[in-house]
Amino acid sequence: MNIFKEYGQATKLFIRAMVEKGDLPEGLPLERISAEPPRDPSHGDIAINAAMVLAKPAGMNPRDLAQKIVTELEKFEGVEKAEIAGPGFINLTLRNKSWQTQVKLVLAEGEGYGGSSLGVREKVNLEYVSTNPTGPLHVGHVRGAVFGDALANVLEKVGYEVTREYYVNDAGSQIDTLARSAYHRYGEACGKDMGELAEGMYPGDYLWPVGHALKEEFGEKYLEAEEDQWLAIFRDRATAAMMELIRGDLEVLGIKQEVFFSETKLHEGGGIDRAIEFLEKKGLIYEGVLEPPKGKLPDDWEARPQTLFKATEFGDDVDRALKKSDGSYTYFAADIAYHYDKLERGFKQQIDVLGADHGGYVKRLKAAVKAMSDGEAVLDVRLCQMVRLTKNGKPYKMSKRSGDFITMRDVVDEVGRDVVRFIMLTRKNDAPLDFDFDKVTEQSKDNPVFYVQYAHARVHSVLAKAKAAFCNEKFDDYSLQQADFELLDDDSELALIKAIGQWPRVVEQAALSHEPHRIAFYLYDLAAEFHSLWNKGNDNTSLRFIIEGEAELTKARIAMIVAFARIIGSGLKVLGVEPRQEMH
RNA sequence: GGUCCCGUAGCUCAGUUGGAUAGAGCGCAAGAUUCCUAAUCUUGAGGCCACAGGUUCAAAUCCUGUCGGGAUCACCA
């Protein structure tokens, strides 16, 4: 249970009661009431803004209103004191017991602690990665992949039903290029001199096995054949092979998406026609000529009539072309159809995770979804900024193993999956991120992954020592729930416990704002709280976790740090990182 | 030129969807250390939150404009 929410709800109940009694007018903006931890801990545990938010619409003095609420809140058993501060804040100080109980809750609920049913099982479609199937994942793709996956986890934790999806761009001209590149390798596999690989082809050696497989399958059948005889089939085989490769890459990162949606199927199955027809019925399609873009014109710009979608009616800057001059559909048309398909599958909440280079694409996507759903569905597009690879602060070039880029596997091989995943979430998605190969593997506070893991490992170690010191006591989660939590009354212990109590709130906020990085930052802060407490035990041995001869006290403290470790564990799980028992 | 993102401590960045005296880490200065081990902790110095207006009880946060940095810009994908 989220303790902040609890008191926020309670406040709202009082207000409603007051409205019913006629003490307050109807129609107050109750949704603006928040119960949050105050920035300054000396202000108490929970700050409620109700009086300030409601004073004006209620036509009351904020402090008078606050006084009424305070009188009610004071009656709560868990509240030690409630006071009015500043312009009308209501500051609650909870009894220690209210916090200490959280420890027991964590142990009882285990990984479920921090979860909620906020999402009421609403379906969310989360599309991420979606790289062109023309080669293995490279570093640039990792961030979006990790971001999307962690976001999916967070959303699930608060009760959304998330579908993790990958849009396979297997229809464009880049696939023809892929097929031709594969053909080149096929020729070579057959022992023919193919000369130099033409400009613009995919040079990576990951196409070698594809060439060989094609030789296995077709022998020399297509060696002298015209392109139109083999192109389609090579496209098909090469894409399948690339998707196989990409799935393998994703698995290395620990990512599993359940839907792989093919653009080609959209073309072949008439999905695009259907979506366009749908828009046409709404009167949102017309033939027209676009204004030339402002500023510098592209060299080959010319006015031409096109099939256009009225994107401007839904917030876009210009209307967007749906057909090329040869009559075939544009990429955007396919994308409209794809999002239409998501709507047909019942997704009112859609999230696309894209690279920052797609920034200019966001408005038209949102416009399309808005238009097709009559504003019923929401599309959120999260853009992930660049990752700059560095080593010791200098731009880093790795040996290029497959073609002309650094692959995701290169990075994971070098530093490990957990490090990659965690570091990718130590920055907001829309801020660029430096990935320094030295820093991320360094064992120091500088490196958040290490810092958090270290705290977790310390708990594990203490637990083992406690078991050895008290062989007659049990330290499993159930036994620990029976501990006397009121013994945890030192300020620094309470500080750790209060930090633990923030977890449900953090999860909720990360989920609602679609910002999984908040989890990573929270875990770091939480770990800091633990390390701090640990070191107090160095100064003052009475604050150590294991106190010889004091079984009850030791049990309570072990319960506290085990609860701490559970939070770290479930937080890391959300990020897709394995918590470590030891650091060596 | 249009659009989107960014501008917070010397550096790298958080900032609880508008809250009270703006926070961490690195670096700098001083100190501590037998539970995981100087891998950690404590204390200190360091800020016109780019700038100017506006909205209100309250703005780093929302709106407008200016300046600076990045991305992107008709049929590509």
Side-chain angles (χ1 to χ4, degrees), chain A residues 4 32 34 36-40 43 47 49 51-53 55-56 62 85-89 91 132 134 169 171-175 263 289-298 300-304 306 316-318 320-332 334-335 355-363 383 385-386 426-428 430-434 436 439 442-448 450-451 453-455 457-462 464-466 469 502 505-506 509 512-513 515 517-518 521-522 524-525 528 531-539 541 544-546 582-584:
Chain A
F4 297 95
R32 292 186 55 200
S34 68
E36 302 169 345
R39 285 227 169 96
D40 184 345
H43 289 140
N49 66 352
M52 290 179 295
V53 177
K56 197 165 190 188
F89 280 105
N91 287 337
N132 290 342
T134 55
N169 294 137
S173 60
Q174 84 282 5
I175 299 298
E263 184 188 351
V289 179
L290 284 177
E291 297 277 307
K294 310 238 160 100
K296 277 180 289 186
L297 282 186
D300 55 345
W301 193 89
E302 56 183 78
R304 63 171 82 82
Q306 289 174 302
D316 202 356
D317 309 306
V318 287
R320 301 293 177 176
L322 299 177
K323 282 187 180 170
K324 304 180 198 170
S325 41
D326 67 0
S328 64
Y329 286 119
T330 61
Y331 179 79
F332 180 51
D335 234 342
D357 53 340
H358 287 70
Y361 202 67
V362 175
K363 277 190 180 176
L383 298 176
Q385 275 289 347
M386 309 273 317
T426 52
R427 208 104 304 171
K428 267 184 307 205
D430 50 11
L433 182 142
D434 287 313
D436 192 302
K439 281 250 166 75
E442 194 175 291
Q443 303 210 331
S444 82
K445 193 173 187 174
D446 223 2
N447 175 2
F450 170 80
Y451 188 75
Q453 293 279 26
Y454 184 36
R458 275 183 153 175
V459 171
H460 196 72
S461 156
V462 173
K465 293 217 160 148
Q502 306 288 327
R505 212 178 114 74
V506 171
Q509 284 176 338
L512 291 179
S513 59
E515 292 183 334
H517 77 274
R518 287 170 188 251
F521 280 93
Y522 167 77
Y524 184 86
D525 289 343
H531 285 306
S532 170
L533 180 54
W534 176 288
N535 269 72
K536 288 222 168 78
N538 285 336
D539 273 356
T541 47
R544 293 195 178 186
F545 305 123
I546 302 170
E582 52 185 30
M583 295 312 291
H584 306 297

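All values below were derived from every heavy atom in this structure, side-chain atoms included, with hydrogens, water molecules and symmetry-related copies excluded. Quick note on labels: first sequence line is chain A, next is B, and so on, each numbered from 1. Just so you know, these numbers come straight off a predicted model, no measurement behind them.
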Given the [atom1] atoms of [N] and [M], what is the spacing between them in whole Å?
N     : M     : atom1 : answer
B:C35 : B:U40 : P     : 14 Å
B:C49 : B:U3  : P     : 28 Å
B:G23 : B:A32 : C1'   : 24 Å
B:U8  : B:A60 : P     : 15 Å
B:A24 : B:G15 : C1'   : 10 Å
B:G44 : B:G25 : P     : 12 Å
B:A20 : B:G7  : C1'   : 26 Å
B:U34 : B:A29 : P     : 25 Å

Taking the side chain of [X] as heavy atoms from C-beta outward, which of [options] is closest to it?
X        : options             : answer
A:Lys363 : B:C35, B:C41, B:U3  : B:U3
A:Tyr454 : B:A20, B:U16, B:A39 : B:A39
A:Arg544 : B:A77, B:U34, B:C36 : B:U34
A:Ser461 : B:U21, B:C5, B:C36  : B:C36
A:Ala85  : B:A20, B:C36, B:C35 : B:A20

Minimum heavy-atom separation for [X] to [Y], with atom names?
X        : Y        : value
A:Gly355 : A:Leu383 : O-CD2, 3.6 Å
A:Asp316 : A:Lys363 : OD1-CB, 3.4 Å
A:Ala51  : A:Pro62  : CB-O, 3.3 Å
A:Gln385 : A:Asp430 : CG-O, 3.2 Å
A:Asn447 : A:Glu442 : ND2-O, 2.8 Å
A:Pro37  : A:Gln502 : CG-OE1, 3.5 Å

Could you check whether [X] gets within reach of a base, just the sugar-phosphate, or nothing at all, counting any heavy atom under 4.0 Å?
X        : value
A:Glu291 : nothing
A:Ser173 : sugar-phosphate
A:Asn91  : base
A:Tyr361 : base
A:Ser325 : base
A:Ala55  : nothing
A:Ala47  : base
A:Gly172 : sugar-phosphate

N/O to N/O distances under 3.5 Å, protein versus nucleotides 10-14 of chain B:
from	atom 1	to	atom 2	distance (Å)
B:U12	O2'	A:Arg427	NH1	3.1
B:C13	O5'	A:Arg427	NH1	3.4
B:C13	O2'	A:Arg427	NH2	3.4
B:A14	OP1	A:Lys428	N	3.1

Distance below 4.0 Å between [X] side-chain N/O and [N] OP1 or OP2:
X        : N     : answer
A:Tyr329 : B:C76 : no
A:Lys465 : B:C36 : yes
A:Lys536 : B:U42 : no
A:Ser532 : B:U42 : yes

Is there a donor-acceptor pair closer than 3.5 Å between any side-chain N or O of A:Gln174 and the backbone N or O of A:Asn169?
yes
With no hydrogens and no angle check, is any side-chain donor or acceptor of A:Asn49 less than 3.5 Å from a backbone partner on A:Ser34?
yes
If you take atom types as modelled and just measure distance, does the side chain of A:Asn535 reach the base of B:A38 with a donor-acceptor pair under 3.5 Å?
no
Establish whether the base of B:U16 is bridged to the side chain of A:Arg39 by a donor-acceptor pair shorter than 3.5 Å.
yes
Given that both distances must come in under 3.5 Å, which nucleotide forms a Watson-Crick or G-U wobble pair with [N]?
N     : answer
B:C35 : none
B:C13 : B:G23
B:A59 : none
B:G1  : B:C73
B:G44 : B:C28
B:C67 : B:G7

By a 5.5 angstrom centroid cut-off and a 30 degree plane limit, is there stacking between A:Trp534 and B:C35?
yes
Does the aromatic ring of A:Tyr524 sit over the six-membered base ring of B:A24, closer than 5.5 Å centre to centre and tilted less than 30°?
no
How close or far is atom [atom2] of [N] from atom [atom1] of [X], stated in whole angstroms?
X        : N     : atom1 : atom2 : answer
A:Glu582 : B:A39 : CD    : C1'   : 15 Å
A:Gln174 : B:A77 : CD    : P     : 7 Å
A:Gln509 : B:G18 : CD    : P     : 12 Å
A:Tyr331 : B:U72 : OH    : P     : 16 Å
A:Asn49  : B:U16 : CG    : P     : 14 Å

Pick the nucleotide of RNA chain B nearest each of A:His358 and A:His531; which residue has the one closer to the 5' end?
A:His531
Heavy-atom nearest nucleotide on RNA chain B taken for A:Glu515 and for A:Arg320; more 5' hit belongs to A:Glu515
For a 4.5 angstrom cut-off between non-hydrogen side-chain atoms, does A:Lys465 reach A:Phe545?
no
Close side-chain approach of A:Phe89 and A:Met52, heavy atoms under 4.5 Å:
yes
Would A:Glu582 and A:His460 count as a side-chain contact (heavy atoms from CB on, under 4.5 Å) here? Give the steps.
CA-CA 8 Å; A:Glu582 52 185 30; A:His460 196 72; over 6 Å; no
For a side-chain contact (heavy atoms from CB on, under 4.5 Å) check, start with the C-alpha distance between A:Val318 and A:Arg320, then their side-chain angles and the critical distance, and finish with the verdict.
CA-CA 6 Å; A:Val318 287; A:Arg320 301 293 177 176; 3.4 Å; yes
Tabulate atom names and distances for all N/O pairs under 3.5 angstrom spanning the protein and nucleotides 54-57 of chain B.
from	atom 1	to	atom 2	distance (Å)
B:C57	OP1	A:Lys56	NZ	3.0
B:C57	OP2	A:Lys56	NZ	3.1

Mind checking whether A:Phe332 and A:Tyr361 have parallel, tilted or perpendicular rings, split at 30° and 60°?
perpendicular
Can you sort out the partners of A:Tyr524 under ring pair (Phe, Tyr, Trp, His ring centres under 6.0 Å), two or more places apart, ordered by chain and number?
A:Tyr451
